[in-house]
Amino acid sequence: MGDAASGDQGFDAPLPQQAAVIVGQSVRASERGGLHGYDGGKKVGGIKRHLLVDTRGTILVACVSPASFGDRDGAVVLFSRAADAFPRLRHVRADQGYRGADFHAWAQEATGITVEVVQRRDGGFRSTWARAGTPPPAVPLFAVVPRRWVVERTFAWLGRCRRLSKDYEYLRVCSENAIYLTMAMLLVRRLSRSAC
């Protein structure tokens, strides 16, 4: 067991909880075929990549679905996969696509994960209204959303890989494996740079 004088926590110390960020990205598909859909909100025909990343941007779990698949439906798949692989995962930050009391209740009950919907400072609107005679409040054109920028940076890292610029795969599993392979190559590259 641990010795309090030496600062050793021993095996009885609880492990820290883990946090993550979730988001989906619609990607255009090639003419190759496979399981594709149409995302009416983004006007993109193809697939949707759902990623669950840790607070540093490393991919924990990935899921590929048709673009017509909703964000919450993709999150159900991600949370189900992550519950077994990452038992310490307790808190997930998400964007507006993951709202809904039923979804939040399911996530808490089935997997023990609390979902925090992070909003932009302007509330998601580019403009706002004001009463007559009062000046309108200032709405920033660009603002970094707290902790959600981590997953956007991960999408930028994945975008450097030519294989992931569009969906060229016929099988969904091959698309997911391409995401994992790209992240593994990025991590190996970082390790080799730090070793030199």
Side-chain angles (χ1 to χ4, degrees), residues 12-27 35-129 137 139-140 143-158 167 171-173 175-177 179-180 183:
D12 296 334
L15 294 172
Q17 293 181 354
Q18 189 174 12
V21 184
I22 186 171
V23 78
Q25 177 192 40
S26 296
V27 180
L35 193 61
H36 296 136
Y38 184 75
D39 184 359
K42 301 227 168 85
K43 310 269 191 284
V44 173
I47 64 162
K48 188 176 277 190
R49 294 181 186 135
H50 306 275
L51 295 184
L52 184 68
V53 302
D54 67 1
T55 54
R56 292 183 173 194
T58 306
I59 295 175
L60 300 175
V61 183
C63 171
V64 174
S65 65
S68 55
F69 212 61
D71 285 340
R72 286 178 293 212
D73 299 328
V76 167
V77 174
L78 288 178
F79 288 172
S80 299
R81 291 180 184 177
D84 297 330
F86 304 100
R88 296 182 319 163
L89 182 62
R90 292 287 168 249
H91 189 77
V92 172
R93 291 181 178 93
D95 63 4
Q96 298 292 320
Y98 300 93
R99 287 178 297 176
D102 293 339
F103 169 67
H104 290 214
W106 173 85
Q108 181 64 43
E109 181 182 322
T111 61
I113 298 173
T114 58
V115 179
E116 176 190 354
V117 177
V118 181
Q119 294 184 357
R120 294 180 1 198
R121 282 193 288 174
D122 62 0
F125 301 105
R126 294 260 178 234
S127 60
T128 185
W129 64 276
V139 177
V144 177
V145 182
R147 301 311 311 166
R148 267 203 16 234
W149 61 269
V150 174
V151 76
E152 300 301 337
R153 181 182 62 183
T154 303
F155 278 130
W157 292 338
L158 295 177
D167 178 41
L171 297 174
R172 176 190 57 81
V173 176
S175 295
E176 290 176 5
N177 288 336
I179 293 169
Y180 290 130
M183 194 68 214

What pairs with [X] under side chain to side chain donor-acceptor pair (under 3.5 Å), at least two apart in sequence or on another chain?
{"X": "T154", "result": "none"}
{"X": "T111", "result": "none"}
{"X": "D95", "result": "none"}

Heavy-atom pair with the smallest gap, counting every atom of I22 and V92: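 Scanning both residues, the minimum pair turns out to be CG2-CG1, 3.4 Å.
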Please say which of V118, V151, V115 ends up in a side chain to side chain contact (heavy atoms under 4.5 Å, CB included) with R93.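 It is V118, the one option of V118, V151, V115 that forms the side chain to side chain contact (heavy atoms under 4.5 Å, CB included) with R93.
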For E152, all residues meeting side-chain contact (heavy atoms from CB on, under 4.5 Å), sequence neighbours excluded: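 For E152 the side-chain contact (heavy atoms from CB on, under 4.5 Å) partners, ignoring immediate neighbours, are V23, F155.
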For residues 59-82, tabulate all N or O donor-acceptor pairs below 3.5 Å that involve a side-chain atom, not counting sequence neighbours.
from: S65; atom 1: OG; to: H50; atom 2: NE2; distance (Å): 3.0
from: D71; atom 1: OD1; to: K48; atom 2: NZ; distance (Å): 3.4
from: R72; atom 1: NH1; to: R99; atom 2: O; distance (Å): 2.5
from: S80; atom 1: OG; to: V76; atom 2: O; distance (Å): 2.8
from: R81; atom 1: NH1; to: A62; atom 2: O; distance (Å): 2.8
from: R81; atom 1: NH1; to: E176; atom 2: OE1; distance (Å): 3.4

With sequence neighbours left out, which residue pairs that include part of residues 53-63 fulfil the salt bridge (Lys or Arg N to Asp or Glu O under 4.0 Å) condition?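 Pairs touching residues 53-63 that pass the test: none.
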Has the side chain of H104 got a donor or acceptor atom that lies under 3.5 Å from a matching backbone atom of E116?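 The answer is no, because no donor-acceptor pair under 3.5 Å joins these two groups.
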Judged by atom type as modelled, is there a donor-acceptor pair below 3.5 Å linking the side chain of T114 to the main-chain atoms of Q108?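 Checking the backbone N and O of Q108 against the side chain of T114, no donor-acceptor pair under 3.5 Å is found.
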Distance (rounded to the nearest 0.5 Å) between [X] [atom1] and [Y] [atom2]:
{"X": "T58", "Y": "L52", "atom1": "OG1", "atom2": "CG", "result": "11.5 Å"}
{"X": "R49", "Y": "I179", "atom1": "CZ", "atom2": "CD1", "result": "5.0 Å"}
{"X": "Q25", "Y": "D39", "atom1": "CD", "atom2": "CG", "result": "11.0 Å"}
{"X": "H91", "Y": "I113", "atom1": "NE2", "atom2": "CD1", "result": "11.0 Å"}

